[in-house]
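Values reported hereafter were calculated over all heavy atoms of this structure, with side chains retained and with hydrogens, waters and symmetry mates removed. Both ligands and their constituent atoms are indexed starting at 1 by order of listing. In this text, all values refer to a predicted model and were calculated from it rather than measured experimentally.
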Amino acid sequence: MAAVNLLAFDLDGLTAWCDGLGEKRFRAQQLFRWLHQKGESDFARMSDLARSLRDKLADAATVSAPALISEQASADGTTKWLFDVGGGNAVETVFIPEDDRGTLCISSQAGCAVGCRFCSTGHQGFSRNLGTAEIVGQLWFAERRLRQTLGLPEGERAITNVVMMGMGEPLQNYAALLPALRVMLDDHGYGLSRRRVTVSTSGVVPMIDRLREDCPVALAVSLHAPHDALRDELVPLNRKYPLAELLQACNRYLEAAPRDFITLEYCMLQEVNDTPALAHQLVRLVRGLEGDAPSLRCKLNLIPFNPFPESGLVRSTPQRVAAFADVLREAGIVTTVRKTRGDDIAAACGQLAGEVQDRTRVHQRLTRQPIRIHAAPPAGRTA
Ligand code: SAH
Ligand code: SF4
């Protein structure tokens, strides 16, 4: 019998599995706490579990994060880990320390099928979904590793926030994502509050609704354009779920969300989506004044584009970012400009590339065509 990786279970899953071993629920809780609160992987050291249970666990189970390929520390304190997930695929995880928190940026897929123009992961194409154990394994590994390097006392956490903003589209890997989120939130697990766990999506509308029902954590939506014609070019998924539908789904989400706004991410691309005219159009969009799209309570997070060689795109100058932000702020929209962290180790947003097998065809499709820039949306389309 192949050993089961216990990082694949949320507490209900672990309880059911322990039940199969003839063990009671509170044993599963104890075990869960050993795994996720203490970061223990050696069953022999789980001192308050009966010897007989420890023996059974040693026979039937393992606790294993994906294999580490490399660890890189940036001058600004950011740490990036590269993990081998088999078949020539690797994924990246990034820790970003700040004064009042420590944020872990986790990957959900090897590659990504959405294929956004400005994203290095998108240029690789899709390889495969990560399993729950591989998603949780990134958190489990990072917390354990950081506790060692930072020498934290028992009970203190290095990671206070999680963002699903690494490689992949989390809402296209929902089956594995959901138990992983539950492990993060569980009081016997990482005990993170819903507002400290953020799922970032390019806009998979039906799955935004599912997340609202199953596990409403903080939501970030990668917008990048205020009208459909431009968003179709930058985020191809927009052709399936256009802006009006996306903003409606965001409004439904707000009914259950732990915060009373949605974060909209906007990657600043010079001359592509960063003009004052588009900033004004973005204001009208979130006010509900464009096409069929409803108004939305939101905050804007402007992300200066992190270039990578094949993109053919340019980061907006600080002046252009500031001018764009001014338009939004003058309209009363809370707007932040994301500081680029971990630039020197290619750990910044959209630079997570991993080491994947060459997917030359996707790559060519994405690099060959220039982006068509529409001054105004063509007639007949929303926004
Ligand atoms: N697939 C999800 C989450 C991963 S991407 C999503 O798209 O939301 C996380 C964030 O990084 C997204 O907002 C994405 O648009 C942004 N991003 C991707 N490539 C980037 C780049 N080259 N520079 C800056 N931000 C980028
Ligand atoms: Fe995928 Fe997000 Fe990158 Fe788009 S930005 S290709 S959805 S990871």
Q) What protein heavy atom is closest to atom 4 (Fe) of ligand 2, reported as residue, atom name and distance in Å? A) Cys116 SG, 2.3 Å
Q. Does the pair Met184 and Ile106 meet the rule for a side-chain contact (heavy atoms from CB on, under 4.5 Å), with working shown?
A. CA-CA 12 Å; Met184 295 169 198; Ile106 293 183; 4.1 Å; yes
(Q) For a quick test of reading the model, state the closest non-hydrogen atom pair linking Val85 to Pro66 and the distance between them. (A) CG1-CB, 4.2 Å
Q: Could you tell me whether Ser120 and ligand 1 have an N or O pair separated by under 3.5 Å?
A: no
Q) Under a heavy-atom criterion of less than 4.0 Å, does Gly166 contact ligand 1? A) yes
Q. Looking at Cys119, which atoms of ligand 1 are within less than 4.0 Å of one of its heavy atoms?
A. 18 (C), 19 (N)
Q | Under 3.5 Å: N/O of Gly168 near N/O of ligand 1 | A | yes
Q.
If the cut-off is 4.0 Å to any non-hydrogen atom of Gly122, which atoms of ligand 2 fall inside it?
A. 6 (S)
Q: Could you find the nearest protein heavy atom to atom 3 (Fe) of ligand 2 and give me its residue, atom name and distance?
A: Cys119 SG, 2.4 Å
Q) Taking heavy atoms and a distance under 4.0 Å, where does Glu169 meet ligand 1: side chain, backbone, both or neither? A) both
Q: Give a yes or no on whether Cys112 keeps an N, O or S atom under 2.8 Å from atom 4 (Fe) of ligand 2.
A: no
(Q) Please check if the number of heavy atoms outside Asp99 that lie under 6.0 Å from its CG is greater than 12. (A) no
Q. Would the number of heavy atoms belonging to other residues, nucleotides or ligands and lying under 6.0 Å from CG of Asp326 be above 12?
A. yes
(Q) Can you tell whether the side chains of Asp209 and Arg212 come within less than 4.0 Å, N to carboxylate O? (A) yes
Q: Kindly compute the distance separating SG (Cys18) from CZ (Arg27), expressed to the nearest 0.5 Å.
A: 10.0 Å
Q: Answer with yes or no whether Arg315 contacts ligand 1, where contact means a heavy atom under 4.0 Å from a ligand atom.
A: no
Q: With heavy atoms only and a cut-off of under 4.0 Å, state how Ile303 meets ligand 1: side chain, backbone, both or neither.
A: side chain
Q) Relative to the heavy atoms of Gly168, which atoms of ligand 2 are at a distance of less than 4.0 Å? A) 8 (S)
Q) Could you state the interatomic distance from CZ (Arg157) to CG (Leu150), rounded to the nearest 0.5 Å? A) 13.5 Å
Q: Examine distances only and state if a side-chain atom of Thr336 and a backbone atom of Arg338 form a donor-acceptor pair shorter than 3.5 Å.
A: no
Q. Heavy atom under 4.0 Å from ligand 2: found in Ser202's side chain, backbone, both, or neither?
A. side chain
Q) When you look for heavy atoms under 4.0 Å from ligand 1, do you find them on the side chain of Cys267, its backbone, both, or neither? A) side chain
Q: Select one of side chain, backbone, both or neither to describe which atoms of Met164 lie under 4.0 Å from any atom of ligand 1, heavy atoms only.
A: backbone
Q. When clusters are formed by joining ILVMFWY residues with side-chain heavy atoms under 4.5 Å apart, either directly or through shared neighbours, do Leu300 and Phe261 land in the same one?
A. no
**Q.** Atom indices of ligand 1 within 4.0 angstrom of Asn306 heavy atoms, with elements
**A.** 21 (C), 22 (N), 23 (N), 24 (C)
Q) With no hydrogens and no angle check, is any side-chain donor or acceptor of Asp274 less than 3.5 Å from a backbone partner on Val321? A) no
Q: From the options Tyr266, Phe118, Phe305, select the one whose nearest heavy atom is closest to atom 17 (N) of ligand 1.
A: Phe118
Q. Can you tell me if Gly115 has a non-hydrogen atom under 4.0 Å from ligand 2?
A. yes
Q: Kindly compute the distance separating OG1 (Thr132) from CG (Leu178), expressed to the nearest 0.5 Å.
A: 8.5 Å
Q: Would you check, one step at a time, whether the test side-chain hydrogen bond (donor to acceptor under 3.5 Å, both in side chains) holds for Tyr266 with His224?
A: CA-CA 4 Å; Tyr266 199 103; His224 310 308; over 6 Å; no
Q: For ligand 1, note which part of Thr201 has a heavy atom under 4.0 Å away: side chain, backbone, both or neither.
A: backbone
